[in-house]
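Each remark here refers to the structure printed beneath this line.
A note on names: the letters A, B, ... follow the listed sequences, proteins ahead of strands, and every chain is numbered from 1. Computed over heavy atoms, backbone and side chain alike; hydrogens, waters and symmetry mates excluded.
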Amino acid sequence: MNSHIDPPSSVALLLDRAEQLAGWSLRELADSLSIATPNDLRRDKGWIGQLLELALGASAGSKPEQDFPELGVELKTIPINHQAKPLETTFVSVAPLIGISGLRWQDSNVRNKLSCVLWIPIIGDRASPPGDRIIGQPLLWRPSAEQEQLLRQDWEEIMELISLGQVQSISARHGQVLQLRPKAANSKALTEAIGEQGQPIMTLPRGFYLKIPFTAALLAKHFML
DNA sequence: GATTGATCATAT
DNA sequence: ATATGATCAATC
């Protein structure tokens, strides 16, 4: 019996809502929405993200688009410690492994997702129960020219390797700010990709993730830490 | 502390 | 299987 929240009609309203959540614990927010709070995230890894989506009126469901299509805004929660350092890399999107010839940065999912992000820091540490973690001040972010250049460079380099049949040799170190890693239900999930001789092969689905130093710097710049 | 492969829930 | 939301946890 949780209350439905309408999508915000403007970015300013969205930001207002997000700012009003700052300082609340996740338990308080969950209680106000009549949602049960898990004791840990082992079986509820997406709980925080889904809780904030609900609280801010993001369109629920699994659409391959931004959380607030009308506003062109993507919502991302990011776990940070008390020094404002991110605890985890940030998942951006699944990487296309086939049918990618001619795919440009300008048209990529990564660029689309990251063109405007509402970051909601969640303060705590790995040991703290989800309910005890505190919602931090939100940050509406658009990549600076330099940040976009770094993202683009990494994306183009990684996508080129994928198109050349080198997906299996790409490590999480191949980019400066973006990395490619498995993104799957388990190690048995397979998807089609390009092999070394250009032939189709089956491999683990991959996703693009933002590295911790990049998101740490992004937050530090905004909060002037 | 960063890397890395693996994993969990849910909806379509 | 793919998409959404991510974190776990051993190892480097």
Side-chain angles (χ1 to χ4, degrees), chain A residues 2 26 29-30 33 35-69 73-100 108-110 112-114 117-133 135 154 158 167-193 200-217 220:
Chain A
N2 46 45
L26 293 181
L29 179 59
L33 295 170
I35 291 171
T37 300
N39 293 318
D40 62 61
L41 297 177
R42 280 181 300 179
R43 308 195 74 88
D44 296 273
K45 295 178 180 178
W47 183 75
I48 297 177
Q50 288 160 352
L51 179 63
L52 271 295
E53 279 186 344
L54 198 60
L56 293 172
S59 35
S62 52
K63 300 170 187 170
E65 278 309 313
Q66 290 155 314
D67 295 294
F68 300 96
V73 176
E74 171 74 9
L75 175 67
K76 289 222 163 286
T77 59
I78 181 165
I80 63 174
N81 62 18
H82 292 282
Q83 286 73 242
K85 185 192 169 181
L87 269 32
E88 288 288 344
T89 54
T90 302
F91 173 70
V92 180
S93 66
V94 170
L97 302 182
I98 55 170
I100 54 180
S108 71
N109 287 176
V110 174
N112 181 51
K113 286 275 181 66
L114 298 182
V117 178
L118 177 62
W119 295 98
I120 310 282
I122 303 297
I123 308 160
D125 54 59
R126 292 180 191 289
S128 48
D132 290 350
R133 301 185 192 185
I135 301 169
D154 286 350
I158 291 168
V167 64
Q168 322 235 50
S169 71
I170 301 173
S171 86
R173 264 174 292 206
H174 263 95
Q176 295 180 60
V177 300
L178 206 57
Q179 63 182 189
L180 192 75
R181 299 206 329 265
K183 165 63 172 167
N186 55 57
S187 61
K188 290 160 188 115
L190 295 175
T191 191
E192 194 174 328
I201 60 170
M202 294 305 281
T203 190
L204 217 47
R206 310 300 163 95
F208 283 109
Y209 297 78
L210 295 176
K211 295 188 177 189
I212 289 174
F214 182 74
T215 50

Any side-chain heavy-atom pair of Leu118(A) and Leu56(A) under 4.5 Å: yes
Gln66(A) CD to dG5(C) C1', in whole Å, measures 16 Å
Can a donor-acceptor pair be found, under 3.5 Å and without considering hydrogens, that links the side chain of Lys85(A) to the backbone of Ile212(A)? no
- Message: Under 4.0 Å, heavy atoms only, any strand: does Ile48(A) hit a base, just the sugar-phosphate, or nothing?
- Response: nothing
Quick check: does any side chain N or O of Asp154(A) sit under 3.5 Å from a backbone N or O of Val177(A), one acting as donor and the other as acceptor?
-> yes
Tightest non-hydrogen contact, residues Gly124(A) and Leu87(A), listed as O-CD2, 3.9 Å
Ile78(A) atom CD1 is separated from dT7(C) atom P, nearest whole Å, by 9 Å
Arg42(A) CZ to dC8(B) C1', in whole Å, measures 12 Å
For dA9(B), does OP1 or OP2 lie under 4.0 Å from any side-chain N or O of Arg43(A)?
-> yes
TODO: Using a heavy-atom cut-off of under 4.0 Å over every strand shown, decide if Ala185(A) touches base, sugar-phosphate, or nothing.
DONE: base
Here the gap from Glu88(A) atom CD to Thr77(A) atom OG1, rounded to the nearest 0.5 Å, amounts to 11.0 Å
Result for 5'-nearest mapping on DNA chain B, choosing between His174(A) and Asp44(A), is His174(A)
Pick base, sugar-phosphate or nothing for Ala184(A), based on heavy-atom distances below 4.0 Å to the nucleic acid. base
Touch class at under 4.0 angstrom, heavy-atom based, for Gly46(A) against every strand present:
base
Quiz item: Closer than 4.0 Å, any side-chain N/O of Arg126(A) to the OP1 or OP2 of dC8(C)?
Solution: yes
The side chain to side chain contact (heavy atoms under 4.5 Å, CB included) partner of Thr215(A) among Thr89(A), Ile78(A), Ile80(A) is Ile78(A)
If you compare every side-chain N and O of Lys113(A) against the phosphate oxygens of dT4(C) (OP1, OP2), does one of them come in below 4.0 Å?
yes
note: Phe208(A), atom CZ; dA6(C), atom P; distance rounded to Å ~ 18 Å
Side-chain atoms of Arg181(A) come closest, of dG5(C), dT7(C), dT7(B), to dT7(C)
Under 4.0 Å: is that the gap between some side-chain N or O of Thr77(A) and OP1 or OP2 of dG5(C)? no
Checklist entry - Please walk me through it: do His174(A) and Leu180(A) pass side-chain contact (heavy atoms from CB on, under 4.5 Å)? => result CA-CA 8 Å; His174(A) 263 95; Leu180(A) 192 75; over 6 Å; no
(Q) Can you say whether a donor on the side chain of Lys183(A) sits under 3.5 Å from an acceptor on the base of dG5(B), or the other way round? (A) no
Kindly say if Arg173(A) contacts the phosphate of dT4(B), meaning a side-chain N or O under 4.0 Å from OP1 or OP2. yes
Distance below 4.0 Å between Lys76(A) side-chain N/O and dA6(C) OP1 or OP2: yes
Among the nucleotides dA6(B), dT4(C), dT2(C), whichever has the atom closest to the side chain of Asp67(A) is dT4(C)
In whole angstroms, the gap separating C1' of dA6(C) from CG of Leu51(A) amounts to 14 Å
Sorted by number, residues from residues 87-99 of chain A placing a heavy atom under 4.0 Å from DNA chain C are Glu88(A), Thr89(A), Phe91(A), Val94(A)
Ranking Lys45(A) and Glu192(A) by the position along DNA chain C of their nearest nucleotide, the one closer to 5' is Glu192(A)
Between CG of Leu75(A) and P of dG5(C) the distance, given in whole Å, is 8 Å
Atom CG of Leu26(A) and atom P of dA6(C) are separated, to the nearest Å, by 12 Å
Within-4.5 Å side-chain heavy-atom neighbours: Gln50(A) and Ile35(A): no
Rounded to whole Å, CZ of Phe214(A) lies from P of dA2(B) at a distance of 15 Å
